[in-house]
Amino acid sequence: MTSISAYIQNHKDRFIEELINLLKIPSISADSAYKNDVLKTAEAVKSSLTKAGCDKVEICETKGYPIVYGEKIVDKSLPTVLVYGHYDVQPPDPLELWTSPPFEPVIKATKLHPDGAIFARGACDDKGQMYMHVKALEYMTKENQLPCNVKFMIEGEEEVGSENLAEFVAKNKEKLTNDIILISDTGMIAKDVPSITTGLRGLSYVEVEVTGPNRDLHSGLYGGAVANPINVLAKMIASLHDENNHITIPGFYDKVEELSKEERAEMAKAPFSLEDYKSALDIDAVYGEKGYTTNERNSIRPTLDVNGIWGGYIGEGAKTVIASKAYAKISMRLVPHQDWKEITQLFKTHFESIAPAGVKVKVTPHHGGQGYVTPIDTIGYKAASKAYEQTFGKTPIPQRSGGSIPIVSLFEKELGSKTILMGFGLDSDAIHSPNEHFGVWNYLKGIETIPWFYKYFTEMSV
């Protein structure tokens with residue numbers, strides 16, 4: 001039998017090449033112009049799962065992009081692990097900020113990754129991390145080391161809210177029956193500080209439209225006499241936070257869980273350098289809700305951020321107009337117990353109420369999801385911890401993430417399963433940003449660690 005580390009060493013170049021080929025396909029689910037590329041990626045994932053050893057692989061159609069399902073059932077009396085991931089990626093804009101084309105992957109050495117990182121859209125989120133599980137399965141099947149059953153559910157709409165996943169899960173509960181769900185779409189504290197994500201924030205995402213006059217107007221003839229939608233929108237958005245960066249929407253904090261001093265003290269034990277944080281972002285100060293640390297602000301506290309704002313003339317040169325309309329996209333990251341639909345309605349009611357006379361406001365909800373917290377005393381968590389200990393030589397630290405994976409709470413509701421979040425990315429990997437990358441070391445370390453989870457989870461379960 002070949003050990004997992006030896007197997008990786010023997011197939012390292014192929015593992016990297018296969019991921020690079022997957023990253024070349026621009027599977028941008030948010031842009032219909034890339035529909036064929038998204039579908040092509042689904043086919044590529046299906047082929048990879050078949051080659052890795054799944055006995056059954058199928059592309060399951062939905063009202064949107066398909067879900068790739070695969071399984072390897074070795075013994076129905078043994079535990080079953082369900083792996084979830086996604087093959088779609090974020091749009092790469094702004095393209096001019098990339099140092100290499102987003103869909104022409106290159107390996108470059110960085111300070112954190114002296115042995116190289118793969119630069120491409122989707123490298124870390126989530127193609128690279130999803131593909132770790134495919135290669136881990138390959139090892140376990142080729143070397144007869146798969147100790148239990150495994151199922152894969154890889155979707156193509158995560159970056160646009162997983163709109164059709166709930167219906168698929170509800171209609172396929174028997175197919176998706178499992179004992180634990182395993183996801184790698186999160187990160188760890190540092191290369192030498194493994195961690196397991198135990199909490200995720202929820203999400204409410206909306207678009208707002210402010211309309212003033214029925215057409216664009218000459219700013220000289222009409223300026224000062226009619227409401228300017230861009231000016232109005234800017235004031236409305238600014239009013240959503242007070243001087244302490246506290247969100248001003250009535251009822252917004254009603255269900256926010258306040259962690260105890262003891263819990264906050266445990267969080268503070270995680271290694272963190274504020275100076276390194278600021279240096280990595282090229283900022284001279286941090287910003288956020290008064291009374292909380294940086295790590296608390298981006299994990300256990302809710303937020304409201306403008307993700308895009310536009311209106312009027314933005315072309316070259318000057319055009320002196322008062323725009324008829326102004327727009328913004330706004331996301332709210334939520335903490336456990338905040339219901340995303342309730343928060344969306346609170347936002348809508350408040351935003352409409354603060355509109356001045358002379359404009360009309362329209363709020364369009366896009367998507368959202370609930371937050372999630374998983375206990376650390378389960379078999380799944382203990383198995384993941386032992387897996388990290390095996391490959392990193394140290395016990396991982398439990399931590400809450402500021403990100404959102406809305407389907408995690410859905411899985412528990414529909415399938416009755418806990419989720420283990422074994423992420424191998426780093427905060428510096430620039431997911432959703434230009435120059436996204438994933439360390440080669442991290443990629444291979446994930447492949448090495450995952451089979452140990454299967455081993456320990458099976459041993460603890462039977």
Side-chain angles (χ1 to χ4, degrees), residues 109-117 124-125 128-129 132 183-201 259-301 303 333 335 372-377 381-405 420-433 436-446 448-450 452-453:
T110 71
K111 183 178 179 181
L112 277 177
H113 303 288
D115 48 352
C124 178
D125 181 20
Q129 297 213 72
M132 297 183 309
I183 301 177
S184 294
D185 196 10
T186 52
M188 56 185 187
I189 295 172
K191 285 177 70 174
D192 60 344
V193 185
S195 55
I196 300 174
T197 300
T198 57
L200 297 163
R201 289 195 287 192
L259 268 64
S260 66
K261 290 181 179 180
E262 291 75 18
E263 288 176 288
R264 292 175 69 180
E266 283 299 310
M267 283 186 63
K269 291 179 181 179
F272 176 74
S273 166
L274 185 58
E275 291 308 311
D276 288 349
Y277 184 87
K278 292 188 292 185
S279 176
L281 298 175
D282 196 20
I283 56 176
D284 58 11
V286 291
Y287 182 87
E289 187 181 2
K290 186 177 181 180
Y292 296 90
T293 67
T294 296
N295 280 342
E296 290 173 338
R297 290 168 180 160
N298 65 23
S299 62
I300 63 170
R301 298 300 294 170
T303 62
R333 299 287 175 168
V335 294
Y372 183 78
V373 175
T374 185
I376 62 174
D377 59 354
Y381 184 90
K382 292 175 181 177
S385 181
K386 285 176 66 68
Y388 280 103
E389 291 172 29
Q390 182 69 40
T391 58
F392 283 82
K394 57 182 69 175
T395 302
I397 297 172
Q399 71 162 355
R400 292 200 187 186
S401 169
S404 304
I405 309 179
I420 299 299
L421 298 158
M422 294 180 67
F424 292 85
L426 300 174
D427 285 346
S428 56
D429 288 342
I431 63 172
H432 291 210
S433 301
E436 178 181 351
H437 55 280
F438 191 32
V440 171
W441 183 90
N442 300 69
Y443 173 52
L444 300 177
K445 200 68 173 178
E448 179 186 359
T449 306
I450 290 165
W452 289 103
F453 171 82

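Quick caveat: nothing in here was measured; it's all calculated off a predicted structure.
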- [ ] Over all heavy atoms of both residues, which pair between Q129 and M422 is shortest? Give the atoms and the distance, please.
- [x] OE1-O, 4.4 Å

Task: Rounded distance (nearest 0.5 Å) linking atom NZ of K278 with atom OG of S273 - done: 9.0 Å

Task: N/O donor-acceptor pair under 3.5 Å between S299 side chain and N295 backbone - done: yes

Open item on the list: Quick one, H113 and K191 - any side-chain contact, counting heavy atoms below 4.5 Å?
Closed with: yes

TODO: For a side-chain contact (heavy atoms from CB on, under 4.5 Å) with L421, tell me which candidate from T197, T374, T198 qualifies.
DONE: T197

TODO: Can you measure from CD1 (I397) to NZ (K269) and round to the nearest 0.5 angstrom?
DONE: 10.0 Å

Task: Polar side-chain atom of N442 near backbone of F424 as donor-acceptor pair, under 3.5 Å - done: yes

Open item on the list: Using every non-hydrogen atom in the two residues, find where Q399 and I189 come nearest and quote the distance to one decimal.
Closed with: OE1-CG1, 3.5 Å

Open item on the list: With heavy-atom distances below 4.5 Å as the criterion, would you say the side chains of S401 and R201 are in contact?
Closed with: no

Task: Closest contact, heavy atoms only, G425 versus C124 - done: CA-SG, 3.9 Å

Open item on the list: As an exercise, state the distance from OG1 of T449 to CD of Q390, rounded to the nearest 0.5 Å.
Closed with: 9.5 Å

TODO: Measure the OH-CD distance between Y443 and E448 for me, rounded to the nearest 0.5 Å.
DONE: 14.0 Å

Open item on the list: Can you tell me how the ring of F392 sits relative to the ring of W441, calling it parallel under 30°, perpendicular over 60° and tilted otherwise?
Closed with: perpendicular

- [ ] Indicate yes or no for a side-chain donor-acceptor contact from K445 to the backbone of T391 under 3.5 Å, with no hydrogens or angles considered.
- [x] yes

- [ ] Of all the heavy-atom pairs spanning H432 and D125, show the shortest one and how long it is.
- [x] NE2-OD2, 3.0 Å

Task: Nearest atoms (heavy-atom pairs only) where S385 meets P396 - done: OG-CD, 3.4 Å

TODO: Using the test salt bridge (Lys or Arg N to Asp or Glu O under 4.0 Å), find all partners of E262 that sit at least two apart in sequence or belong to another chain.
DONE: none

- [ ] Return the minimal non-hydrogen interatomic distance between L426 and D429, and the atom names on each side.
- [x] N-OD2, 2.7 Å

Open item on the list: Please report the interatomic distance OG(S428) to CG(L281), rounded to the nearest 0.5 Å.
Closed with: 10.0 Å

Open item on the list: Under the criterion side-chain contact (heavy atoms from CB on, under 4.5 Å), I'd like the reasoning laid out for I420 against Y381: C-alpha separation, chi angles, the key distance, then a yes or no.
Closed with: CA-CA 6 Å; I420 299 299; Y381 184 90; 4.3 Å; yes

- [ ] Output, in order, the C-alpha distance, side-chain angles, deciding distance and verdict of side-chain contact (heavy atoms from CB on, under 4.5 Å) for L274 and T293.
- [x] CA-CA 10 Å; L274 185 58; T293 67; over 6 Å; no

Open item on the list: So, taking the atom named CZ in F272 and the one named CG in D427, what distance separates them when rounded to the nearest 0.5 Å?
Closed with: 9.0 Å

TODO: Using the test side-chain hydrogen bond (donor to acceptor under 3.5 Å, both in side chains), find all partners of R297 that sit at least two apart in sequence or belong to another chain.
DONE: none

Open item on the list: Using the salt bridge (Lys or Arg N to Asp or Glu O under 4.0 Å) criterion, which residues pair with K386? Sequence neighbours excluded.
Closed with: none

